Amino acid sequence: MKLIIAKPTFNALTETDPDNLQFSSEYNTLKYATQGTIQLAVNQATYYYSEHIDFPSMWLYYQYAYTSIDHNLGYKPFFAGYAIDNPTGYSSPLPYFDAGGGIFWIAVNMYVDSTKLYVMASYVTDQNSGTVNFDMSYRIFKNELDI
Amino acid sequence: MSGLFVISKSSIDAFDALESPVDPNDFIIHSDYSTFKILADGKLLSQTVSGAPTTFSVAHGLGYIPNFFSFCEFPDGKTAMNGQFSYDFTGHSPTVVGYGYFLAEADDTYLRFLVYKNSGASNFNVDIKYFIFEVEL
């Protein structure tokens with residue numbers, strides 16, 4: 001037995017193109033498990049590497065930090081993430097890679113395993129003090145990656 | 001003939017939720033809104049990465065560039081999205097820590113998955129999962 005809802009002007013009894021259907025029980029969909037926000041604070045005094053460059057003469061500090069939340073699904077789920085008001089002033093889907101705002105390059109990434117969702121920020125700056133906060137929004141779906 | 005088919009979320013009365021203004025977030029299914037249908041999914045397991053990049057291809061046979069998402073599990077046990085370094089990646093000269101980088105791309109025939117091994121890493125295996133959704137790019 002099938003449940004099919006066609007888009008307006010299409011016949012649910014005969015239409016087979018999924019783009020012309022609002023819903024079809026023959027196709028799986030993403031199913032929400034949970035959503036939320038995560039803040040990652042980077043203490044820039046704990047940079048993992050530094051180097052001096054000559055042109056222009058300055059020190060560069062390599063920053064790297066991560067945090068995680070529990071999802072407790074017991075498997076690796078389909079997920080998506082977004083950087084909210086990132087250091088260059090915009091919001092972006094993850095992974096996010098950019099430069100600007102006193103940052104030479106920045107990568108913000110998101111990962112999962114069977115118990116946790118992780119976020120990581122890695123960037124290079126001329127700053128070696130203070131705290132930079134990253135706000136991330138995430139969506140976790142019940143669909144299993146099964147890898 | 002047109003009609004309306006809705007399934008509201010638990011604790012939400014479907015009839016109440018249909019009163020204006022309608023919030024689609026109140027519904028599990030609402031026939032006025034199309035669902036994001038998964039046309040196909042698949043996985044490539046224990047694929048050996050020996051270069052920068054090593055490329056793995058899957059023929060999708062759709063004849064158009066599909067809307068797709070993909071994920072790659074590196075040996076560190078963390079699963080990355082398309083366009084990400086492995087979890088433990090920290091890069092600077094002369095030492096690069098971590099396995100590498102995952103990138104996926106498509107044309108109207110293939111999905112291609114490129115996994116870059118950093119210069120300091122030995123060969124390693126990855127697992128890749130992909131989902132193809134409706135509506136071509």
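Lettering follows sequence order; numbering is per chain, from 1. Because the structure is predicted, anything quoted here is derived from the model rather than measured.
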For this session: Verify the ring-centre separation between F85(B) and Y99(B): is it less than 6.0 angstrom?
Result: no

Against chain B, label [X] side chain, backbone, both or neither, depending on which of its atoms sit under 4.5 Å from a heavy atom there.
{"X": "K31(A)", "result": "neither"}
{"X": "I5(A)", "result": "side chain"}
{"X": "Y66(A)", "result": "side chain"}
{"X": "L60(A)", "result": "neither"}
{"X": "M110(A)", "result": "both"}

Problem set entry | Which of D113(A), N11(A), N109(A) touches chain B most, by non-hydrogen pairs under 4.5 Å | N109(A)

Which heavy atom of [X] sits nearest to which heavy atom of [Y], and what is that distance?
{"X": "N123(B)", "Y": "K117(B)", "result": "OD1-CE, 3.7 Å"}
{"X": "P66(B)", "Y": "L111(B)", "result": "CG-CD2, 4.0 Å"}
{"X": "N20(A)", "Y": "E15(A)", "result": "ND2-OE2, 3.0 Å"}
{"X": "G98(B)", "Y": "D88(B)", "result": "CA-OD1, 3.2 Å"}
{"X": "M81(B)", "Y": "L94(A)", "result": "CE-O, 3.6 Å"}
{"X": "A65(A)", "Y": "A41(A)", "result": "CB-O, 4.5 Å"}

Exercise. Does the pair V108(A) and F134(A) meet the rule for a side-chain contact (heavy atoms from CB on, under 4.5 Å), with working shown?
Worked result: CA-CA 9 Å; V108(A) 182; F134(A) 295 89; 4.2 Å; yes

Problem set entry | Neighbours of chain A found in residues 24-50 of chain B - heavy atoms under 4.5 Å | I29(B), S31(B), D32(B), Y33(B), S34(B), T35(B), F36(B), K37(B), I38(B), L39(B), K43(B), L45(B)

For this session: Spell out the residues in residues 138-147 of chain A that have some non-hydrogen atom less than 4.5 Å away from a non-hydrogen atom of chain B, in order of number; otherwise answer 'none'.
Result: N143(A), E144(A), L145(A), D146(A), I147(A)

Problem set entry | F10(A): hydrophobic cluster co-members (side-chain, 4.5 Å) | none

Exercise. Is there a path of hydrophobic side-chain contacts, each under 4.5 Å between heavy atoms of I, L, V, M, F, W or Y residues, that connects Y75(A) with V126(B)?
Worked result: no

Enumerate donor-acceptor pairs with a distance under 3.5 Å from any side-chain N or O in residues 67-75 of chain B to protein atoms, sequence neighbours excluded.
| residue | atom | partner | partner atom | Å |
| --- | --- | --- | --- | --- |
| E73(B) | OE1 | K76(A) | NZ | 2.5 |
| E73(B) | OE1 | T79(B) | OG1 | 3.3 |

Exercise. Using non-hydrogen atoms only, which part of Y130(B) is less than 4.5 Å away from chain A: side chain, backbone, both, or neither?
Worked result: neither

For this session: Drop me the distance from K2(A)'s NZ to F23(A)'s CZ, to the nearest 0.5 angstrom.
Result: 12.5 Å

Exercise. For E51(A) and Y62(A), does a side-chain donor sit closer than 3.5 Å to a side-chain acceptor?
Worked result: yes

